[in-house]
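I have placed the structure first, in the form of structure tokens, so that the comments after it can refer back to it.
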Amino acid sequence: MDLIADHISHRFGALDVLDDVSFQVSAGEIVAIVGPSGCGKSTLLSILGGLLRPAAGAAELRGAPPAGSLNPLTFVFQDFALLPWNTVEENVAFPLLHTPLGAGERRAVIDDALRRTGLSDFRATYPKQLSGGMRQRVGIARALAVRPAILLMDEPLSALDSQTRELLMEDFVGLLADGAMGAVYVTHNLEEAVRLADRVVVLSRRPGRVREIVTIPMTRAERGAPDARGPLAALQGELWSLIRKEAIDAEREVQHA
Ligand SMILES: Nc1ncnc2c1ncn2[C@@H]1O[C@H](COP(=O)(O)OP(=O)(O)OP(=O)(O)O)[C@@H](O)[C@H]1O
């Protein structure tokens with residue numbers, strides 16, 4: 001299933017936030033969205049996920065959803081957005097409430113999501129008993145439970161320390177390796193963008209326009225190898241050179257606002 005951003009523009013009152021943004025996420029592809037602070041990345045993700053109707057243009061899904069999909073698009077949030085009074089299992093089960101799944105099928109879906117995220121032994125645990133990395137794994141398991149075509153991820157690792165980020169990046173690469181699921185990955189972190197994405201959409205400062213779409217010229221597997229650090233750092237440098245000036249301008253704008 002493909003996700004198409006088709007000439008999307010948006011404004012909040014007098015504030016122009018996005019200007020004519022177009023790109024495509026093909027089935028199984030990971031597309032990162034980077035750009036200066038406040039350029040409209042989260043707004044764009046909300047529009048792609050159908051939470052916000054754009055002022056102009058549209059977000060469209062094309063193609064058949066994965067077998068058994070309950071929702072082709074699902075979000076993974078920076079702050080995990082878990083229900084603290086519910087166990088891990090209940091959090092993962094939450095999006096399955098009010099769906100036509102029978103009890104057996106529901107259990108199989110939950111078990112599968114917990115297994116794929118390494119949470120099978122934590123099903124009865126409450127979020128506050130877990131580390132940040134484990135909480136975000138619960139957020140991912142909950143997203144997997146609806147068998148989506150595309151994960152919409154808004155800074156999913158930014159609340160985590162650097163070692164935990166590394167581990168979760170490895171998890172993402174593993175989860176998305178079979179190409180059954182794609183992702184849109186909003187991040188400030190260019191290291192994450194070049195490590196995970198197949199293509200990177202670089203937005204200008206607000207109103208966000210597509211400055212460039214950079215294709216990462218290495219497979220995801222190649223990027224996990226120890227000798228990939230040099231080429232990845234070079235790619236990161238390339239992206240930073242596209243963003244740097246506008247990031248400085250955007251930062252000044254925020255500070256003087
Ligand atoms: N609901 C809203 N009402 C009014 N203004 C909003 C609303 N949501 C976002 N904005 C403004 O729109 C602009 C873009 O916000 P958005 O969060 O999409 O940017 P971003 O690129 O994700 O930011 P950051 O990099 O800081 O996470 C900002 O100036 C923000 O203050």
Side-chain angles (χ1 to χ4, degrees), residues 3-23 25 30-60 73-81 132 135-136 139-140 143 150-162 164-165 168-169 172 182-197 199-214 236-257:
L3 175 62
I4 292 116
D6 186 14
H7 299 285
I8 290 174
S9 298
H10 196 62
R11 54 171 49 208
F12 291 111
L15 189 73
D16 275 324
V17 175
L18 292 167
D19 183 19
D20 200 28
V21 172
S22 291
F23 62 91
V25 185
I30 307 179
V31 171
I33 298 178
V34 303
S37 228
C39 74
K41 299 181 291 296
S42 297
T43 303
L44 179 58
L45 204 66
S46 296
I47 291 170
L48 294 174
L51 299 182
L52 191 64
R53 182 198 286 251
E60 279 174 35
L73 294 170
T74 185
F75 284 88
V76 175
F77 299 100
Q78 173 181 3
D79 63 359
F80 324 132
R135 284 183 207 176
Q136 188 54 296
I140 295 164
I150 296 177
L151 296 174
L152 301 174
M153 309 180 103
D154 196 354
E155 299 272 5
L157 305 185
S158 63
L160 305 174
D161 64 74
S162 61
T164 307
R165 276 211 301 266
L168 265 102
M169 276 197 273
F172 286 153
V184 182
Y185 193 98
V186 166
T187 184
H188 281 107
N189 186 313
L190 302 182
E191 186 187 346
E192 287 170 26
V194 299
R195 174 80 177 280
L196 295 171
R199 290 188 301 142
V200 181
V201 175
V202 181
L203 294 182
S204 68
R205 64 187 286 221
R206 195 181 63 236
R209 302 186 178 98
V210 176
R211 270 207 69 185
E212 198 145 330
I213 298 181
V214 177
Q236 207 179 313
E238 239 176 77
L239 285 180
W240 179 232
S241 68
L242 285 171
I243 294 171
R244 184 174 181 281
K245 162 121 189 11
E246 303 204 40
I248 292 170
D249 291 346
E251 198 199 20
R252 292 204 174 123
E253 187 172 274
V254 171
Q255 284 171 352
H256 293 156

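Start at 1 and go down the list; that is how both ligands and their atoms are numbered. The chain is numbered in sequence order, starting from 1. What you see is a predicted model, and the numbers here were worked out from it, not measured in a lab.
For atom 2 (C) of ligand 1, the nearest protein heavy atom lies under 4.0 Å away. For atom 17 (O) of ligand 1, the nearest protein heavy atom lies under 4.0 Å away.
In terms of protein heavy atoms, atom 11 (C) of ligand 1 is closest to L15 CD2, 3.8 Å. Closest to atom 19 (O) of ligand 1, if we only count protein heavy atoms, is G40 N, 3.2 Å. With hydrogens left out, the protein atom closest to atom 15 (O) of ligand 1 is T43 OG1, 3.8 Å, a heavy atom. Counting only heavy atoms of the protein, atom 20 (P) of ligand 1 lies nearest to K41 N, 3.5 Å. With hydrogens left out, the protein atom closest to atom 13 (C) of ligand 1 is G38 O, 3.7 Å, a heavy atom.
With sequence neighbours excluded, the residues forming a ring-ring contact (aromatic ring centres under 6.0 Å, His included) with F75 are F77, listed by chain and number. Residues meeting the side chain to side chain donor-acceptor pair (under 3.5 Å) test with D79, sequence neighbours left out: none.
Summarising the contacts of atom 27 (O) of ligand 1 with R11, H188, Q78, E155, the nearest heavy atom is found in H188.
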Walk me through whether E191 and R165 qualify under salt bridge (Lys or Arg N to Asp or Glu O under 4.0 Å).
CA-CA 11 Å; E191 186 187 346; R165 276 211 301 266; 5.7 Å; no
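Within the model, atoms OG of S46 and NZ of K41 stand 12.5 Å from one another, a figure rounded to the nearest 0.5 Å. Between the CD atom in E251 and the CZ atom in R205 there is a gap of 11.5 Å [rounded to 0.5 Å]. Between L44 atom CG and I8 atom CD1 the span is 5.5 Å, to the nearest 0.5 Å. Remark: D6 CG to E60 CD distance equals 5.5 Å, nearest 0.5 Å.
For a threshold of 3.5 Å applied to N or O pairs, the pair formed by R206 and ligand 1 contains at least one separation below that value. Among the atoms of F12, none of the N or O lies under 3.5 angstrom from an N or O of ligand 1.
Between D154 and S42, the side chains place a donor N or O and an acceptor N or O closer than 3.5 Å (distance only, hydrogens not considered).
Residue contacts with ligand 1, taken as heavy atom pairs separated by less than 4.0 Å, involve V17 solely via side-chain atoms from C-beta onward.
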